[in-house]
Amino acid sequence: MRETVGGEPTVVVAAGYFASYSVVGLLALVGVLFVAVAFGAGQLLRPVVPTPEKLLTYECGVDPVGEGWAHTQVRYYVYAFLYVIFAVDSIFLFPWATVFAAPGYGATTLVEMFVFLGFLAVGLLYAYKKGVLTWT
């Protein structure tokens, strides 16, 4: 579609802008409908015969005895957090490697990735200085 602004023809780029979002919205709607139909069919087709044994909490074959609260040491959460940091690192490194190979992006992406790795290195150094990486 062409329009004229001040006597000069211009191309209207925004005409098809929302078309891509309509595809995403339609796909999201189909996904929600699929899940709703699956859950509805499961509820209609399954037999419902509640018994006291079926209503008990089942935990790996062990009968539930005592309270539901358990003490967990904080260091396990710290290790999980460090794992998440390195997982995010690897998630960003693989796409970066493909962009780095493209012509025209070499120096810029190299500097950006070293800045990103620098932030991760500072976090790892902080964890090391705090003694988080020593297993006690």
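For this chain, numbers begin at 1 and follow the sequence in order.
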**Item:** Close side-chain approach of L93 and F116, heavy atoms under 4.5 Å
**Value:** no
**Request:** Give the cluster check for L117 versus V84: same hydrophobic cluster or not, with ILVMFWY residues linked at side-chain heavy-atom distances below 4.5 Å.
**Result:** yes
**Fill in**
Across all chains, not counting sequence neighbours, the side-chain contact (heavy atoms from CB on, under 4.5 Å) partners of K130 are Y126, V132
**Request:** Report yes if the side chains of L120 and F86 come closer than 4.5 Å at any heavy-atom pair, otherwise no.
**Result:** no
**Asked** When L33 is tested against each of V35, L29, V30 for side-chain contact (heavy atoms from CB on, under 4.5 Å), which residue passes?
**Response** L29
**Asked** Are F34 and V24 connected, step by step, through hydrophobic side chains (Ile, Leu, Val, Met, Phe, Trp, Tyr) whose heavy atoms are closer than 4.5 Å?
**Response** no
**Message:** Rounded at 0.5 Å granularity, tell me how far CG in D89 sits from CE in M113.
**Reply:** 7.5 Å
